[in-house]
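The structure appears below as structure tokens.
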Amino acid sequence: AGVQVTLAPIAELEAFGSEFDDRVVLGGPRQSVFGFDGNDVVVATAARLPGALLQGGDHTTRDTLQLSGGGNFDLRRVFVSGFERVEALASTASVSVWLPAQAIEAVLRSAGSLTLGANAAQTALGSPYADTITLGAAGQMVMARGGADTISGTAAQLVAGTMIDGGGG
């Protein structure tokens, strides 16, 4: 079994994953998490994300960064590497997520906005509610799942290879 830990609210704490499936919850800003083997999950709120250094595994596993609660999550302003999936988990509040330029699958679980990074390998999965999704590069894939969604991009991004599914809303 892997490690499940919530870090104390002390800046500069570091957590190192094991070879199993670990779950680490950030306890405060400016904390670091280093994943190893296993399908690791790191959980962060908007208040605990600033200054974080979050490093998933080596891409042979499926590491997930879960953004918990509402608020603005600008992943371009923290060091995030090695995560194959980002999930925005706000249940009652809206969430806004800006992704860095790396291959990531991003999932909105409740209504919110998502701005993809400048990487064609990014995929966005919308929520069943009204979402706003902005493309960051040509060749990205957006799958809205319901609600009155708004999907936008520039003429250079809306070219062959870009896939958009408006969902059932």
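Asp22 places a side-chain N or O within donor-acceptor distance of the main-chain N or O of Val3, the cut-off being under 3.5 Å. Checked by atom type and distance alone, the side chain of Arg145 never pairs as donor or acceptor with a backbone atom of Pro128 at under 3.5 Å. Remark: side-chain polar atoms of Asp63 are paired, donor with acceptor, to backbone N or O of Asp40 under 3.5 angstrom.
In this structure, Ala144 and Asp149 approach most closely via the heavy-atom pair CB-OD2, 3.0 Å. Residues Ala46 and Asn72 share a closest heavy-atom pair of CB-O, 3.7 Å. Of all the heavy atoms in Ala130 and Ala111, the pair that sits closest is O-CB, 3.4 Å. Closest of all the heavy-atom pairs between Ala52 and Val78 is O-CB, 3.6 Å. Taking both residues in full, the closest heavy atoms of Ala88 and Leu108 are given as CB-CD2, 3.8 Å, listed atom of the first, atom of the second, then distance.
Shown here are the side chain to side chain contact (heavy atoms under 4.5 Å, CB included) partners of Val43, two or more places apart in sequence or in another chain: Arg23, Val25, Val41, Gln66, Ser68. Arg48 is linked by a salt bridge (charged side-chain N to carboxylate O under 4.0 Å, His left out) to nothing, counting only residues two or more places apart in sequence or in another chain. Residues forming a salt bridge (charged side-chain N to carboxylate O under 4.0 Å, His left out) with Asp74 (at least two apart in sequence, or on another chain): Arg76, Arg77. Residues passing the side-chain hydrogen bond (donor to acceptor under 3.5 Å, both in side chains) test with Ser127, sequence neighbours excluded: Asp131. With sequence neighbours excluded, the residues forming a side chain to side chain contact (heavy atoms under 4.5 Å, CB included) with Phe34 are Glu14, Phe16, Ser32, Leu53, Gln55, listed by chain and number. Contacts of Gln31 classified as side chain to side chain contact (heavy atoms under 4.5 Å, CB included), with partners at least two apart in sequence or in another chain: Leu7, Leu13, Leu26. Residues passing the side-chain hydrogen bond (donor to acceptor under 3.5 Å, both in side chains) test with Ser113, sequence neighbours excluded: Ser96.
Cluster annotation: Ile104 is connected to Leu114 through the hydrophobic network of ILVMFWY side chains, with a link wherever side-chain heavy atoms come within less than 4.5 Å. Residues Ile151 and Val86 share a single hydrophobic cluster, defined by chaining ILVMFWY side chains whose heavy atoms lie under 4.5 Å apart.
Under the salt bridge (charged side-chain N to carboxylate O under 4.0 Å, His left out) criterion, the residue pairs touching residues 24-38 are Glu12-Arg30, with sequence neighbours excluded. Pairs passing the salt bridge (charged side-chain N to carboxylate O under 4.0 Å, His left out) check and including a residue from residues 154-164, sequence neighbours excluded, do not occur.
Contact check for Arg62 versus Arg85: side-chain heavy atoms found under the 4.5 Å cut-off. Taking the side chain as every heavy atom from C-beta outward, Leu54 and Phe83 approach each other to under 4.5 Å. Leu67 is listed as a side-chain neighbour of Leu65, based on a closest heavy-atom distance under 4.5 Å. Counting heavy atoms from C-beta on, the side chains of Trp98 and Leu75 never come closer than 4.5 Å. In this structure the side chain of Thr115 never reaches within 4.5 angstrom of the side chain of Leu99, judged on heavy atoms.
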Below 3.5 Å, can you tabulate the donor-acceptor pairs from side chains in residues 132-143 to any protein atom, sequence neighbours excluded?
from: Gln140; atom 1: OE1; to: Gly136; atom 2: N; distance (Å): 2.8
from: Gln140; atom 1: OE1; to: Ala137; atom 2: N; distance (Å): 3.2
from: Gln140; atom 1: NE2; to: Gly117; atom 2: O; distance (Å): 2.8
from: Gln140; atom 1: NE2; to: Asn119; atom 2: O; distance (Å): 2.8

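Counting side-chain heavy-atom gaps under 4.5 Å among Ile, Leu, Val, Met, Phe, Trp and Tyr, Tyr129 is found in no cluster with other residues.
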